[in-house]
Chemist: 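One structure, pasted below without further comment.
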Amino acid sequence: MNKNDVLEYIKQNTELFTDCANLDVTEIGNGNMNYVFRIEDLKTKKSIIVKQVGEHTRISKDISVDVDRS
């Protein structure tokens with residue numbers, strides 16, 4: 001998942017922000033396993049945090065993890 005992916009996911013799968021929201025996405029996690037993003041409407045300052053669990057660690061595609069762990 002990257003910034004564009006998480007933005008499209010939020011737009012397509014939630015009603016958290018209006019269509020005219022000015023959204024900004026910041027990756028705020030740089031751990032070994034999870035992707036953590038903050039999505040903020042720059043007009044209203046409303047924001048949410050999205051955490052994505054990957055199938056592999058971020059440090060190596062050779063290390064698999066169970067996506068059902070969280």
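Every value quoted in this text rests on a predicted model; they were computed, and no experiment measured them.
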Chemist: Count the heavy atoms belonging to other residues, nucleotides or ligands that lie under 6.0 Å from CD of Glu15, then report whether that count exceeds 12.
Modeler: no

Chemist: What's the separation between atom CD1 in Ile39 and atom CG in Leu16, rounded to the nearest 0.5 Å?
Modeler: 9.0 Å

Chemist: Could you report the tightest heavy-atom contact between Glu27 and Lys3, atom names first, then the distance?
Modeler: N-CE, 4.0 Å

Chemist: If you define the side chain from C-beta out and look only at heavy atoms, does anything of Val25 sit under 4.5 Å from Leu23?
Modeler: no

Chemist: Do Ile48 and Phe17 have side-chain heavy atoms sitting under 4.5 Å apart?
Modeler: yes

Chemist: Please find the pair of heavy atoms, one from Asn2 and one from Asp5, that lie closest to each other, and give the distance.
Modeler: OD1-N, 2.9 Å

Chemist: What pair of heavy atoms forms the shortest contact from Cys20 to Lys43, and how long is it?
Modeler: O-NZ, 3.0 Å

Chemist: Rounded at 0.5 Å granularity, tell me how far CG in Asp24 sits from CG in Asp41.
Modeler: 10.0 Å

